[in-house]
Number of protein chains: 2
Amino acid sequence: MDARTGLPVVGMVGAGQLARMTHQAAIPLGQSLRILADSAEDGAAVVASDVLVGDYRSLEDLRAFAVGCDVVTWDHEHVPNEHIAALEAEGVVVRPGPAALRFAQDKAQMRRRLTELGVPCPRWAPIATVEALASFGDEVGWPVIVKAARGGYDGKGVWVIAAAEDATELLESGTGLIVEEKVALARELAADVARSPWGQGAVWPVVETVQQDGICVEVIAPAPELDDELAEQAQELALRIADELGVVGVLAVELFETTDGRLLVNELAMRPHNSAHWTIEGSRTSQFEQHLRAVLDYPLGSTEQTAPVVVMANLLGGPDGVTPKGIDERVHHCFAHWPDVKVHLYGKGFRPGRKVGHVTALGHDLSEVRARARAAADYLSNGDQS
Amino acid sequence: MDARTGLPVVGMVGAGQLARMTHQAAIPLGQSLRILADSAEDGAAVVASDVLVGDYRSLEDLRAFAVGCDVVTWDHEHVPNEHIAALEAEGVVVRPGPAALRFAQDKAQMRRRLTELGVPCPRWAPIATVEALASFGDEVGWPVIVKAARGGYDGKGVWVIAAAEDATELLESGTGLIVEEKVALARELAADVARSPWGQGAVWPVVETVQQDGICVEVIAPAPELDDELAEQAQELALRIADELGVVGVLAVELFETTDGRLLVNELAMRPHNSAHWTIEGSRTSQFEQHLRAVLDYPLGSTEQTAPVVVMANLLGGPDGVTPKGIDERVHHCFAHWPDVKVHLYGKGFRPGRKVGHVTALGHDLSEVRARARAAADYLSNGDQS
């Protein structure tokens with residue numbers, strides 16, 4: 001409890017853009033997010049007052065951070081599950097908790113549990129040997145997708161394998177791996193929901209996510225021309241997963257829509273997620289506010305869309321990098337060209353391929369809104385106007 | 001220049017709710033607002049990282065604060081104009097600058113200048129003696145409104161005077177005073193604009209402001225049933241004043257709409273203003289983002305309204321105060337009742353009559369939206385549901 005405001009204190013472990021945008025959403029709630037940062041220079045650490053610098057892999061640092069927090073939540077999945085469990089055992093309120101989080105931290109556990117629950121997934125298997133991989137690939141067809149069970153993100157820890165021998169080195173590295181069939185993909189979707197501790201659920205419209213080299217570059221809300229029944233099915237699936245796994249906070253369910261019209265779960269994330277950045281301007285309640293409402297055990301907010309079409313495009317650092325002078329000039333030109341595109345910069349250096357910000361455009365006409373978001377993002381990323 | 005981000009640094013003197021909400025708007029622009037606070041416990045100081053505690057009345061403190069700022073702006077009008085002029089003379093970029101700010105700091109200078117510009121104002125005069133007051137009142141009719149030329153806000157520094165003798169003590173106090181006719185008021189309006197250093201102007205829809213005991217309690221955007229011609233006249237007036245006075249940043253022009261259909265200027269504020277808090281959710285560009293864009297010399301953003309009707313209602317501390325436990329419970333109930341009302345808490349204690357937050361409701365039907373905003377604000381202020 002913050003004695004000054006009379007409000008509970010939320011701590012977030014991790015100080016990347018998700019914590020940065022969560023802090024932004026915390027301000028109107030009368031909150032000031034308490035943040036555990038790797039460095040005082042992290043994107044969220046430079047905009048918040050209550051920052052502890054420490055190591056999220058250290059139980060001692062986590063314990064020190066938890067003192068004074070009424071609830072602790074997460075900006076990423078990399079905090080060791082056993083540490084989260086230890087905090088919980090010591091009486092710290094952790095949301096989401098370790099029992100839910102392990103399904104976002106370990107793909108083998110996630111696939112096993114979802115399969116038990118009858119949730120449609122790509123065919124998959126845990127693998128440890130070239131023989132097992134060969135037998136799986138021969139059964140479902142080559143190529144297959146090999147994934148690190150832990151620690152992957154943004155296309156990292158994912159390999160397309162055309163023949164079992166190609167994975168020999170990977171299999172010998174000792175990394176825990178799973179293999180999945182390469183599904184016949186029409187497109188990728190995401191169903192984002194939030195769940196409160198007592199089980200209230202809220203769901204945003206299903207979105208289409210556009211990936212490039214395994215990185216999300218664009219999100220369209222709602223997913224264009226998505227069959228109503230399939231949209232409802234995706235939303236119900238996401239709410240059911242949140243409930244069955246006991247998630248508290250935002251749950252992003254990344255989905256494959258297959259060429260034969262099925263939905264398969266790709267990944268789960270139990271935190272604010274790139275697929276819902278559009279909600280900052282595009283929904284009555286942003287995912288960041290909703291995550292805070294959920295972990296604070298407040299009733300959830302309306303997920304009504306504020307415009308018929310909302311498109312979010314990520315800014316990725318360009319191959320040339322950006323000089324300090326460069327980005328300020330780009331912002332000038334961007335604002336001059338697109339006075340109604342909303343810009344979000346994460347306070348990070350523009351390393352090539354790195355997510356350094358995003359833009360959001362709203363309107364009525366899909367192709368117009370999409371072109372506007374794309375052009376603004378390309379211009380900010382590269383200084384080119386496409 | 002922030003070497004880490006390559007973006008210019010904005011400093012704001014003052015750490016109240018305006019600075020708090022400006023910092024919130026600074027985050028997506030890649031900024032972290034640098035703040036000069038009276039105390040480390042101020043509403044803005046507790047949510048920002050780059051905070052200096054100091055005295056805005058001390059030129060030394062202002063100088064120390066300005067080091068490392070590319071531009072300095074203001075959360076209130078109380079910084080001595082001569083200090084602002086001294087900073088400017090020393091090469092600090094101050095926006096708005098001293099030449100404009102004096103018209104927001106001194107009502108006598110404001111009335112004189114606006115009168116020169118042919119801007120419609122209530123009849124007025126500077127007064128120093130009971131005789132001068134008597135003669136003014138006899139001419140325009142009693143009662144009259146006496147105002148402190150400097151330092152008033154939220155109804156403070158304003159007196160309704162029925163007879164010249166009633167102001168004897170006030171006149172002898174040495175406070176600089178002006179007197180104005182009491183106009184036949186239909187209602188109060190505000191025309192809020194922003195102006196950039198090179199003269200770009202942007203204007204929001206004209207709003208109706210509802211006052212209670214001299215404090216703004218409600219703002220309706222756009223002003224209901226306002227004659228189109230009068231609305232345009234108000235907008236043009238505000239843009240012209242911004243231009244003539246050389247304002248940079250947000251300018252709020254408070255207006256009287258008289259019973260005979262005229263517009264008269266009441267007050268000017270050269271900073272984000274209570275009459276435009278509705279823009280956070282209700283306009284494509286909030287006044288806080290727009291103020292930053294203006295002082296950063298970025299092109300201004302779209303002022304398009306995001307819903308046909310937007311109502312902002314202030315939260316005022318109730319007569320009983322609020323125990324720490326009280327406010328958290330009220331937020332719970334408020335969110336449960338009104339899942340689409342947006343709540344803004346300023347991180348302040350709930351002293352009676354103090355502005356401690358606001359709520360915003362959006363929709364299509366004026367009376368429904370207004371009732372929703374009013375009920376949520378009353379509930380959060382008092383724990384009563386009206």
Side-chain angles (χ1 to χ4, degrees), chain A residues 1-8 20-21 23-24 26-33 40-41 45-51 202 280-281 284-285 289 293 297-302 304 306-307 322-328 331-332 335-337 339-340 342-350 357 362, chain B residues 1-8 20-21 23-24 26-33 40-41 45-51 202 280-281 284-285 293 297-302 304 306-307 322-328 331-333 335-337 339-340 342-350 357 362:
Chain A
M1 174 81 74
D2 180 337
R4 212 176 40 79
T5 60
L7 295 169
R20 185 177 168 105
M21 292 185 272
H23 177 59
Q24 188 189 330
I27 295 172
L29 299 181
Q31 297 275 336
S32 182
L33 196 66
E41 303 284 286
V46 295
V47 297
S49 66
D50 190 3
V51 178
I280 296 175
E281 294 89 5
R284 191 58 63 219
T285 307
E289 177 181 343
R293 290 165 81 129
D297 200 6
Y298 285 154
L300 302 178
S302 162
E304 197 190 339
T306 61
V322 172
T323 62
K325 175 95 179 134
I327 181 60
D328 190 43
V331 173
H332 270 85
F335 282 165
H337 274 81
D340 54 357
K342 306 316 291 181
V343 171
H344 297 259
L345 297 174
Y346 302 155
K348 294 161 119 180
F350 271 49
L362 298 94
Chain B
M1 174 80 75
D2 180 336
R4 212 176 40 79
T5 61
L7 295 169
R20 185 178 168 106
M21 291 185 273
H23 177 59
Q24 190 189 329
I27 295 172
L29 299 181
Q31 297 276 336
S32 181
L33 196 66
E41 302 285 287
V46 294
V47 298
S49 66
D50 191 3
V51 178
I280 297 176
E281 294 89 5
R284 191 58 64 220
T285 307
R293 289 165 81 129
D297 200 6
Y298 285 153
L300 302 178
S302 161
E304 196 191 340
T306 61
V322 172
T323 61
K325 175 94 179 137
I327 181 59
D328 190 43
V331 173
H332 270 85
H333 288 291
F335 283 166
H337 274 82
D340 54 357
K342 304 319 290 182
V343 170
H344 297 259
L345 297 174
Y346 302 155
K348 295 162 120 180
F350 271 50
L362 300 94

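Computed from heavy atoms alone, side chains included, the values below leave out hydrogens, waters and symmetry copies. Chain naming here is simple, since letters A, B, ... match the order of the sequence lines and numbering starts at 1 in each. Small disclaimer: the values here were computed from a predicted structure and weren't measured.
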Contact part of [X] toward chain A, heavy-atom cut-off under 4.5 Å: side chain, backbone, both or neither?
X         : value
Ala45(B)  : backbone
Leu300(B) : backbone
Tyr298(B) : both

What closest approach, in Å, do [X] and [Y] show between heavy atoms, and which atom pair accounts for it?
X         : Y         : answer
Gln31(B)  : Arg20(A)  : O-NH2, 3.6 Å
Val47(B)  : Ser32(A)  : CA-OG, 3.7 Å
His332(B) : Pro299(A) : O-CG, 3.4 Å
Arg284(B) : Lys342(A) : O-NZ, 2.9 Å
Ala48(B)  : Ser49(A)  : O-CB, 3.1 Å

Between [options], the one whose heavy-atom pairs under 4.5 Å with chain A are most numerous:
options                                 : result
Met21(B), Glu304(B), His23(B)           : His23(B)
Asp50(B), Leu33(B), Leu29(B), Val51(B)  : Leu29(B)
Pro8(B), Ala26(B), Ala202(B), Gly349(B) : Pro8(B)
Arg293(B), His333(B), Glu41(B)          : Arg293(B)

Find the distance between CG (Asp2(A)) and CG (Asp328(B)) and round it off to the nearest 0.5 Å.
->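 If we round to the nearest 0.5 Å, Asp2(A):CG and Asp328(B):CG are 11.0 Å apart.
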
Distance from Ile27(B) atom CD1 to His344(A) atom NE2, nearest 0.5 Å?
->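 If we round to the nearest 0.5 Å, Ile27(B):CD1 and His344(A):NE2 are 11.5 Å apart.
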
Who among Leu362(A), Asp340(A), Leu345(A) has the most heavy-atom pairs with chain B under 4.5 Å?
-> Leu345(A)

Is the shortest heavy-atom distance from the side chain of Thr306(B) to the side chain of Glu281(A) under 4.5 Å?
-> no

Would you say the side chain of Thr5(B) lies within less than 4.5 Å of the side chain of Val46(A), judging by non-hydrogen atoms?
->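 Answer no - side chains too far apart.
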
